[in-house]
Amino acid sequence: MSDFDKKEDEKTGTATSRNFIELIIDEDLKTGKYGGRVHTRFPPEPNGYLHIGHAKAICLNFGIAEQYGGLCNLRFDDTNPTKEETEYIESIKEDVRWLGFDWEDRLYFASDYFEQMYGYAADLIKKGKAYVCDLTAEETREYRGTLTEPGKDSPYRNRSIEENLDLFERMRAGEFPDGARVLKAKIDMANPNLNMRDPVMYRILHASHPRTGDEWCIYPMYDWAHGLEDSIERITHSICTLEFEVHRPLYDWFLEQLGVYRPQQIEFARLNMNYTVMSKRKLLELVKEGYVNGWDDPRMPTISGLRRRGYTPESIRNFSDRIGIAKADSVVDIALLEHCLREEQNLRAQRMMAVLHPLKVVIENYPEDKVEEMEAVNNPEDESMGTRTVPFSRELYIEREDFQEEPHKKFYRLAPGREVRLRYGYYIKCEEVIKDENGEVIELRCSYDPETRGGWSPDGRKVKATLHWVSAKHAVKAEVRLYDRLFNEENPLDVEEDENWKSNINPDSLKSLYPCYLEQNLAESKAGDRFQFERLGYFCVDPDSSNERLVFNRSVPLRDTWKKIQAKM
RNA sequence: UGGGGCGUCGUCAAGCGGUAAGACACAGGAUUUUGGAUCCUGCAUUCGGAGGUUCGAAUCCUCCCGCCCCAGCCA
């Protein structure tokens, strides 16, 4: 446990009650159902990048293993070569590792069990519990019946065991084209649970697999494969999302028919968050159609996107803990995720000064060539982070927003004739406003009080505002990318009949600012470095950054009370 | 509609027959060289609804209402 986590536990008094899955495990441990073992797995299909919803599942599965002194496997459910790619396998491994979890030597692939699964299928055929069916996909659908009407038996349902074995072998041997035949479980075409109406176990797919190449042309279906994978790995608690609840009878049926070890499947509600989408299909669409710049675009809810945005593993794990585990469908407020990052970064992030929307300030009574090194605190929350020095000179930049020519009554920053403090600098007073031909303010002429060095006045007079600033001639130019929510609607999928969910995309979700002026201490920052830019937010260096052109991402803005006051005006 | 689930504060979520935790959000106030942080305070007489059992119900029973999942040779 990191210091941050400890601190967090103390603060929230984490006597957090147990979720329903832990309750089940407690009970199993008490009754000795699995001989005291706890063994979970995280079983992604490598058909896309992982998102924050997967992070919830990863934290749950690895977390439970850790908590009970058990194990958690990383297993790729790679049973559909038409959708899966090696790139995804690698990204998933990276993401799980980055989140801080270790599968040690337990990296498995469903494809490693293909031969074994084939053998089990043959066993089922021999028991008269599976048959080769020649119905087309469309016919199979018709035979399945509907929600209210029972299905009817396939004409191929009563083939002899010998014929089934022969046909199944020939399916594997590649004698038939895609879709020509399937292997089905022989269960009950009238079962009210549609999943039990002779589900398909194998389909013919002449596709090259990322790992097994062209060794196979028949591939197992999820329902058939997944329970076997769990069984083979001696998983105790197979945790999955709610939509698989209706598949559990089938999960159990296969393992019971085979007479093999049977784990307990437990379903929980998947994570939804407002202002974003969370399905791999839709995220793929955003990537492929260029609405974002790749899977790791900082606006994406993918783990790689959050990482690039500046989120930390700790903040995501913390988020995971706080949202809880339950069975009710829910939509978590993205504000909670943001809160988790701020909470952590407040304690850890080095403070720096940066001006995003520069407005020039000339201090008329400050000597032309004078430069003073002012001492600045690196983190008021953590004295051990020490201090640094920032240069002060006659010409500075301040934030445009920190000046109002005709100040609103609640605005207490800089205005004509008004005095404010420059953080770690001096008190300055605005003496004159300079505008261009369009009437736009382009420069402020100010005076400073030499007695207020460091930001204190000997006469004890108060100034309400403290502004951040950067010395113009020492400043480092940089690009800063500001992100906003990707969608304008809380539920992006909530659209009129004739509209597409993508019409809810926020066209202003990315704003790139250049040039922004940073204090020179930021000049050497490298990709991944994180800072708080005082009064603005938490920022990190983007991988696009170079020594020639620094690029920062705003991970999350600071809480902004002033913005709220303005919104009410 | 057949089957499987779920309904507790704006959003998550505890609660497991003894009289509604916590977090986020929100609203006040204190404090402050970040309108940040921190610190106080407020925020469900009520648990989808209606009956019933009980000394006592969010918790048990009955009925009703609403939402989600299943008719891929996807996972």
What donor-acceptor contacts under 3.5 angstrom involve side-chain atoms of residues 325-335 of chain A, with partners at least two apart or in another chain?
residue, atom, partner, partner atom, Å
A/Lys327, NZ, A/Glu245, OE2, 2.5
A/Asp333, OD1, A/Asn274, ND2, 3.4
A/Asp333, OD1, A/Ala335, N, 3.0

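- For the segment residues 51-59 of chain A, the set of residues with a heavy atom within less than 4.0 Å of an atom of RNA chain B is empty.
- With sequence neighbours excluded, the residues satisfying ring-ring contact (aromatic ring centres under 6.0 Å, His included) with A/Tyr222 are A/His226, A/Phe244.
- Using a 4.0 Å heavy-atom cutoff across all strands shown, A/Tyr427 reaches no nucleic acid atom at all.
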Below 3.5 Å between N/O atoms, which protein atoms pair up with nucleotides 24-31 of chain B? Just atom names and distances, please.
residue, atom, partner, partner atom, Å
B/C26, OP1, A/Lys564, NZ, 3.2
B/C26, OP2, A/Lys564, NZ, 3.4

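- Residue A/Thr466 places no side-chain N or O under 4.0 Å from the OP1 or OP2 atom of B/U32.
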Please tabulate, for side-chain N and O atoms in residues 448-458 of chain A, each donor-acceptor pair with protein atoms closer than 3.5 Å (sequence neighbours left out).
residue, atom, partner, partner atom, Å
A/Asp449, OD1, A/Glu451, N, 2.8
A/Asp449, OD2, A/Arg461, NH1, 3.3
A/Asp449, OD2, A/Arg461, NH2, 2.8
A/Thr452, OG1, A/Tyr427, N, 2.9
A/Thr452, OG1, A/Asp449, O, 2.5
A/Arg453, NE, A/Glu372, OE1, 2.5
A/Arg453, NH2, A/Glu372, OE1, 3.3
A/Arg453, NH2, A/Glu373, O, 3.4
A/Ser457, OG, A/Asp459, OD1, 2.9
A/Ser457, OG, A/Gly460, N, 3.3
A/Ser457, OG, A/Arg461, N, 3.1
A/Ser457, OG, A/Arg461, O, 3.3

Can you pull every protein N or O that's under 3.5 Å from an N or O on nucleotides 5-9 of chain B?
residue, atom, partner, partner atom, Å
B/G5, O2', A/Glu245, OE1, 3.2

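- For A/Glu27, the side chain to side chain contact (heavy atoms under 4.5 Å, CB included) partners at least two apart in sequence or on another chain are A/Lys30, A/Thr31.
- Residue-level contact check: A/Thr148 touches the bases, meaning some heavy atom is under 4.0 Å from a base atom.
- As rounded to whole Å, 9 Å separates atom P of B/C12 from atom CG of A/Asn272.
- Residue contacts shown for A/Glu267 are absent, as no nucleic acid heavy atom lies under 4.0 Å away.
- Heavy atoms of A/Val463 sit nowhere under 4.0 angstrom from any nucleic acid atom.
- Rounded to an integer number of Å, the gap from A/Ile24 CD1 to B/C16 C1' is 14 Å.
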Donor-acceptor pairs under 3.5 angstrom involving side-chain atoms of residues 556-569 of chain A: please list them, not counting sequence neighbours.
residue, atom, partner, partner atom, Å
A/Asp560, OD1, A/Trp562, N, 3.2
A/Asp560, OD1, A/Lys563, N, 3.0

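- Shown here are the ring-ring contact (aromatic ring centres under 6.0 Å, His included) partners of A/Phe114, two or more places apart in sequence or in another chain: A/His209, A/Trp216, A/Tyr219.
- Across all strands, A/Pro249 comes closer than 4.0 Å to no nucleic acid atom at all (heavy-atom distances).
- Take the nearest nucleotide of RNA chain B for A/Glu534 and for A/Ala269: the residue whose nucleotide is more 5' is A/Ala269.
- Rounded to whole angstrom, the span from the CG atom of A/Asn318 across to the P atom of B/G22 amounts to 19 Å.
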Discussion item. Across nucleotides 70-75 of chain B, 5' to 3', mark each nucleotide with B, S or - according to how protein heavy atoms within less than 4.0 Å reach it.
Written reply: BBSBSB
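- Both distances falling under 3.5 Å, in either a Watson-Crick or a G-U wobble arrangement, occur for no nucleotide opposite B/U1.
- Checked for salt-bridge contact, A/Asp402 and A/Arg535 meet the test: a charged N lies under 4.0 Å from a carboxylate O.
- The residue from A/Phe109, A/Tyr108, A/Phe42 that alone fulfils the ring pair (Phe, Tyr, Trp, His ring centres under 6.0 Å) condition with A/Phe76 is A/Phe109.
- Regarding A/Leu250, its CG atom lies at a distance of 16 Å from the P atom of B/G4, rounded to whole Å.
- Annotation: side chain to side chain contact (heavy atoms under 4.5 Å, CB included) contacts of A/Arg485 (sequence neighbours excluded): A/Tyr275, A/Asn506.
- As judged by a 4.0 angstrom heavy-atom cut-off over every strand, A/Leu23 is placed among the base-contacting residues.
- Per the geometry, CG belonging to A/Asn491 stands 14 Å off C1' belonging to B/U11, to the nearest Å.
- Applying the side chain to side chain contact (heavy atoms under 4.5 Å, CB included) test to A/Leu194 and every residue at least two apart in sequence or in another chain returns A/Arg144, A/Leu147, A/Arg197.
- Between A/Asp198 and A/Arg157 there is a salt bridge, with a side-chain nitrogen of the basic residue lying less than 4.0 Å from a carboxylate oxygen of the acidic one.
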